[in-house]
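Reckoned from all heavy atoms, side chains included, excluding hydrogens, waters and symmetry mates. Proteins come first, then strands; the chains are lettered A, B, ... in the order of their sequence lines, and each starts at number 1.
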Amino acid sequence: MSGGDVRTRIAPSPTGDPHMGTLYAALFCKAFAEKHSGTFVLRIEDTDRTRYVPEAVEALHDALHWAHLDPDEGPLAGGPYEPYTQSERLPTYHERAQRLVATGHAYPCFCTPERLARLRAEQEARKEPTRYDRHCLYLPQEEVQQRLRAGEPHTIRLRVPDHGPVTFHDVIRGTISFETSVLTDHILLKSDGYPTSHLAIPVDDYSMRISHVIRAEEWLSSVPYYVLIYRAFAWAEPVFAHLSVLRNADRSKMSKRKNNTSVRWYREHGFLPEAVLNFLALLGWSHPEGEEIFSYEEFRDLLTLERIVKSGPIFDLKKLEWMNGVYIRRLAIGELAERLQPFLSQPVEPEMLERILPLVQERLKTLGEINDALIPFLQEPDPACLPFAQAIKRLTLQDIRHGLELLYPQLTALGAPDASTFEGTVRSLAAELGWKAGDLFMSVRVAVTGTSASPPLYDFCNVIGWSRAFQRLRSALEALPAR
RNA sequence: GCCCCCAUCGUCUAGUGGCCUAGGACAUCACCCUUUCAAGGUGGAGAUCGCGGGUUCGAAUCCCGCUGGGGGUACCA
């Protein structure tokens, strides 16, 4: 295949928050186009007036930009096949629809939605396939012309051939065939003048010279209709590649009710776009060397349609979290600090932040977790509610106070101790008291950090400053009951 | 109901006729490291390769049937 001619696209509908499935398709489309020095196109399918949400277009651009999946051509980027928004392409669809009518591949239909609903209900009741009964195909020509002239509301329907299979090839799934007898005369042009996707998709894909239609499997059963239209116009068909759909834990199609489907959710919780992309890539494709952590560039270079998986993967948030942690740990401190900025619920001195981050970096699964991680560093713990009892089961609160009372003067005498002196002091006092060293360390930890799970104690004190640490120790032990 | 797609550990997958008494990762468990948590290291458990028939000297891998799951079935995309 000649490389420069590859053109892929995503064609989302602006109906709400950008969906992870859209990002998933965008990733494969963009990577595939880029690999072949081709072009990745964004086209907005806003032909359903009832579901249209104006802000959704901007949200979509934001989501793609966040993920570094900006389209090469699209409503914002422009391009040689403008416009890229379907509502602005109406004349094209009308012209194409008229042409299909003129060549006998389509026909006007005057049936009301009510009649169609009734028809469908009857067919369902009889457990028959729900298909249009072609009532308007058999109308006398004179009547059709007259009703058209009278301006009667109507749609344009595809005239599916009476016999024979519609066969096409999908790179991922092989040869797929539908009998025309199970197809229906789908509406191509709605009575409001807008096209349905059955018309708009093949017309636009052809007009925009899309070479590879890479998108989710949920579209597979519409392909025969596109193929029929391609053939009616004698257009060369694009290569089809249907990705499996992302699933919920119960294996149903990934949905809002059962999952976080919105790209925004992941962004706002502090998932790194590179981790999200890596994860999505791994869901639909496998690395030839079995690698799991790889960059977008590596994915793009290694991507072949043949290695795309056929079965529908369950979206496993746990694995994404793990992967996100891997990416966070790989960040240089300076960059981590920068990436954390939008997530900070309170301002932190840059210098302080850079001292804290080495201690919390490996404990973060998402950037959003930073605020909880910061609390021990920035906020004085409340001496009245320190978890001594839960953290140290072997000792009474009175014992703990006693131990800390003895430790306090020894520690303060040291000023700002070095690591081994600090450790030695705590250990020898623990030995004197007949305690396990860990219990004394834990007592100090709870007193100074306010929690039983913290970064390494010595480093922690160093970061917050020893005098502050000693103050916390003092307040904590004074709040403990004396013997 | 009808049509299409899919089917390997709980989850994501490797595997394209013999290298598979099925490999890796997440999750899980144990141990190691260790003053806690995390990270890291080691090890364990976990899949009669959905079931049944073929083809073949030999099948997770090829064929057929079944079952299961998913998607579609709109004047939605």
Nearest atoms (heavy-atom pairs only) where [X] meets [Y]:
X: A/Val309; Y: A/Ile172; result: O-CG2, 4.5 Å
X: A/Thr8; Y: A/Cys29; result: OG1-O, 2.8 Å
X: A/Ala275; Y: A/Leu320; result: O-CD2, 4.2 Å
X: A/Leu397; Y: A/Leu480; result: O-CG, 3.9 Å

Starting from [atom2] on [N], measure out to [atom1] on [X] and report it in whole angstrom.
X: A/Arg215; N: B/G72; atom1: CZ; atom2: P; result: 13 Å
X: A/Trp219; N: B/C3; atom1: CH2; atom2: C1'; result: 18 Å
X: A/Leu199; N: B/C76; atom1: CG; atom2: P; result: 13 Å
X: A/Ile172; N: B/C4; atom1: CD1; atom2: P; result: 19 Å
X: A/Arg394; N: B/U35; atom1: CZ; atom2: C1'; result: 12 Å
X: A/Glu321; N: B/A39; atom1: CD; atom2: C1'; result: 16 Å
X: A/His186; N: B/U73; atom1: NE2; atom2: P; result: 7 Å
X: A/Glu291; N: B/U13; atom1: CD; atom2: P; result: 17 Å

From [options], pick the nucleotide closest to the side chain of [X]?
X: A/Ile187; options: B/G70, B/C75, B/C3; result: B/C75
X: A/Ile314; options: B/C12, B/C75, B/U35; result: B/C12
X: A/Ala453; options: B/A77, B/C26, B/C37; result: B/C37
X: A/Pro313; options: B/U36, B/U35, B/C12; result: B/C12
X: A/Arg120; options: B/C3, B/G70, B/A74; result: B/A74
X: A/Trp322; options: B/A25, B/A74, B/U36; result: B/A25
X: A/Ser311; options: B/U13, B/G24, B/U35; result: B/U13
X: A/Arg329; options: B/U35, B/G40, B/C5; result: B/G40
X: A/Arg363; options: B/U36, B/G72, B/A77; result: B/U36
X: A/Arg247; options: B/A7, B/G69, B/A74; result: B/G69

For a quick check of understanding: with a heavy-atom distance under 4.0 Å over all strands, which category does [X] fall into, base, sugar-phosphate or nothing?
X: A/Arg51; answer: base
X: A/Val360; answer: nothing
X: A/Thr184; answer: nothing
X: A/Pro456; answer: base
X: A/Pro224; answer: nothing
X: A/Arg173; answer: sugar-phosphate
X: A/Cys111; answer: base
X: A/Thr50; answer: nothing
X: A/Ser252; answer: sugar-phosphate
X: A/Ser454; answer: base
X: A/Glu45; answer: sugar-phosphate
X: A/Pro14; answer: nothing

Do the side-chain N or O atoms of [X] get closer than 4.0 angstrom to the phosphate oxygens (OP1, OP2) of [N]?
X: A/Lys190; N: B/C76; value: yes
X: A/Arg427; N: B/U35; value: yes
X: A/Thr130; N: B/A74; value: yes
X: A/Lys319; N: B/U13; value: no
X: A/Arg307; N: B/U13; value: no
X: A/Ser286; N: B/A14; value: yes

Check: A/Leu272 and A/Leu277 side chains under 4.5 Å, non-hydrogen atoms: no
Measure distances between side-chain N and O atoms of [X] and base N and O atoms of [N], and say whether any donor-acceptor pair falls under 3.5 Å.
X: A/Ser197; N: B/A77; value: yes
X: A/Lys310; N: B/A7; value: no
X: A/Glu218; N: B/G70; value: no
X: A/Ser244; N: B/C6; value: no

Using atom [atom1] of each nucleotide, how far apart are [N] and [M] to the nearest Å?
N: B/A22; M: B/U61; atom1: P; value: 16 Å
N: B/A59; M: B/U73; atom1: P; value: 42 Å
N: B/U11; M: B/G72; atom1: P; value: 22 Å
N: B/C19; M: B/U36; atom1: C1'; value: 47 Å
N: B/U8; M: B/U16; atom1: C1'; value: 14 Å
N: B/G23; M: B/C63; atom1: P; value: 25 Å
N: B/A74; M: B/G68; atom1: P; value: 24 Å

Geometric class of the A/Phe110/A/His154 ring pair [parallel <30°, tilted 30-60°, perpendicular >60°]: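 Judged by the thresholds at 30° and 60°, the geometry between A/His154 and A/Phe110 is tilted.
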Parallel, tilted or perpendicular, as decided by the 30° and 60° cut-offs, for the rings of A/Tyr226 and A/His198: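 Taking A/Tyr226 first and then A/His198, their aromatic rings sit tilted (interplane angle of 30° to 60°).
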Axial cation check for A/Tyr93 ring with A/Arg96, 6.0 Å and 45° limits: no
From A/Val276, A/Leu282, A/Ile328, residue fulfilling side chain to side chain contact (heavy atoms under 4.5 Å, CB included) relative to A/Met323: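 Among the candidates, only A/Leu282 passes.
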Counting Watson-Crick and G-U wobble pairs only, both distances under 3.5 Å, name the nucleotide matched with [N], or none.
N: B/A7; result: B/U67
N: B/U28; result: B/G44
N: B/U73; result: B/G1

Over 12 non-hydrogen atoms of neighbours within 6.0 angstrom of NZ in A/Lys365: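 No.
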